[in-house]
2 protein chains.
Amino acid sequence: MDEIERMADVFKLLGDKTRLTILALLNVKELCVCEIVDILMTSQPNISQHMRKLKDGGLVKESKKGQWVYYSLNINDKPYILDLFKQIPSQKERIEQLSCSDEECCN
Amino acid sequence: MDEIERMADVFKLLGDKTRLTILALLNVKELCVCEIVDILMTSQPNISQHMRKLKDGGLVKESKKGQWVYYSLNINDKPYILDLFKQIPSQKERIEQLSCSDEECCN
DNA sequence: TTATTATATAATCAATTAATTATATATGTA
DNA sequence: TACATATATAATTAATTGATTATATAATAA
């Protein structure tokens with residue numbers, strides 16, 4: 001697989017609104033699956049499957065802490081993605097709203 | 001549609017190897033449909049339909065010259081795409097090879 | 001005018017994909 | 001131990017998509 005094809009595969013991952021929003025959220029801070037589920041108001045399997053694609057594509061890495069799996073960005077080896085995330089709309093507010101609600105799934 | 005969704009739609013366009021290669025070619029110089037067909041060795045309708053998606057997505061613009069339709073990049077309003085194209089593998093060689101062959105469709 | 005070349009569009013089909021539903025696994029707690 | 005919570009995986013389905021084939025349009029050349 002050549003470099004263009006590799007880049008296309010990365011863009012394919014970015015080309016879904018849910019996944020791009022997840023990445024924008026992780027661009028603020030690492031999050032566990034249940035937090036992402038709460039913020040995006042979708043089902044847990046839906047998020048888990050998107051996380052697997054992002055992990056397989058090398059865009060995120062996971063770290064297990066107790067029963068929670070935290071995901072964080074893993075794009076240091078992809079400078080064109082780094083530049084890109086500087087221009088993505090910040091999701092800071094959505095994450096802060098989550099922290100204020102009583103329905104936090106973890107803490 | 002919010003900004004994230006708009007960006008995702010752009011990445012969806014970049015997320016196809018054929019289209020990303022077309023854009024990388026246009027990053028060298030404007031080309032007509034038949035040149036792109038020759039370089040990518042695929043069918044004319046295939047390229048025409050990709051060009052339409054790229055045009056609908058605002059990534060390229062066209063200009064008709066006689067019976068030929070030339071396409072060129074139209075990404076000045078998308079800084080994150082501009083940065084990106086600085087890091088895409090150059091397709092200069094493939095375009096030069098085309099010019100050397102006798103089978104040019106236009107000139 | 002007729003033929004040729006360049007391009008676009010429409011219809012079809014196979015393959016891919018995102019989301020849902022159901023189930024399994026793993027960790028923590030009573 | 002039994003139960004609850006967090007996550008992953010598998011199966012299914014509907015929708016989308018890329019490529020092909022066939023056809024239409026437009027410009028040029030004979």
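Order of the sequence lines sets the chain letters (A, B, ...), proteins ahead of strands, with each chain counted from 1.
Comparing A/Thr18 and B/Glu62 by the nucleotide of DNA chain C that holds the closest heavy atom to each, the one mapping nearer the 5' end is B/Glu62. Each of A/Met51 and B/Pro45 was assigned the nucleotide of DNA chain D with the nearest heavy atom; the assignment lying further toward the 5' end belongs to A/Met51.
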Open item on the list: Walk me through whether A/Ile95 and A/Glu35 qualify under side chain to side chain contact (heavy atoms under 4.5 Å, CB included).
Closed with: CA-CA 9 Å; A/Ile95 289 182; A/Glu35 289 173 316; over 6 Å; no
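A donor-acceptor pair under 3.5 Å is formed between the side chain of B/Gln91 and the backbone N or O of B/Pro89. Distance alone, capped at 3.5 Å, places no donor-acceptor pair between the A/Arg19 side chain and the A/Leu14 backbone. Under the 3.5 Å distance criterion, the side-chain polar atoms of A/Arg6 are matched with a main-chain donor or acceptor of A/Met1.
Counting heavy atoms from C-beta on, the side chains of A/Leu26 and A/Leu59 never come closer than 4.5 Å. Between B/Asp9 and A/Lys17, every side-chain heavy-atom pair lies at or beyond the 4.5 Å cut-off. Within the 4.5 Å cutoff, the side chain of A/Phe85 has heavy atoms near those of the A/Leu23 side chain. Taking the side chain as every heavy atom from C-beta outward, A/Val33 and A/Ser48 approach each other to under 4.5 Å. Between A/Leu40 and A/Leu25, some side-chain heavy-atom pair lies under the 4.5 Å cut-off.
Listed in residue order, the members of residues 9-17 of chain B having a heavy atom less than 4.0 Å from DNA chain C come to none. Contacts of residues 19-34 of chain A with DNA chain C (heavy atom under 4.0 Å): A/Arg19.
Side-chain contact, A/Gln97 with A/Arg94: no donor N or O sits under 3.5 Å from an acceptor N or O.
Taking 4.0 Å as the cutoff to heavy atoms of chain B, we find the contact window on DNA chain D bounded by D/dT17 to D/dT28.
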Please list, pair by pair, any protein nitrogen or oxygen found under 3.5 Å from a nitrogen or oxygen in nucleotides 28-30 of chain C.
none

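Looking at A/Lys12 and B/Asp16, no side-chain N of the basic residue comes within less than 4.0 Å of a carboxylate O on the acidic one, giving no salt bridge. Using a 4.0 Å cut-off between charged side-chain N and carboxylate O, B/Lys86 and B/Asp83 make a salt bridge.
The number of heavy-atom neighbours closer than 6.0 Å to NZ of A/Lys61, taken from other residues, nucleotides and ligands shown, is above 12.
Applying the side-chain hydrogen bond (donor to acceptor under 3.5 Å, both in side chains) test to residues at least two apart or on different chains, the pairs with a partner in residues 21-30 of chain A are A/Glu30-A/Lys65.
A disulfide is not assigned to B/Cys105 and B/Cys32, since their SG atoms are no nearer than 2.5 Å.
Summary for the helix from C/dT1-D/dA30 to C/dA30-D/dT1: the axes at its two ends, each from 5 pairs, differ by 10° when rounded to the nearest 10 degrees.
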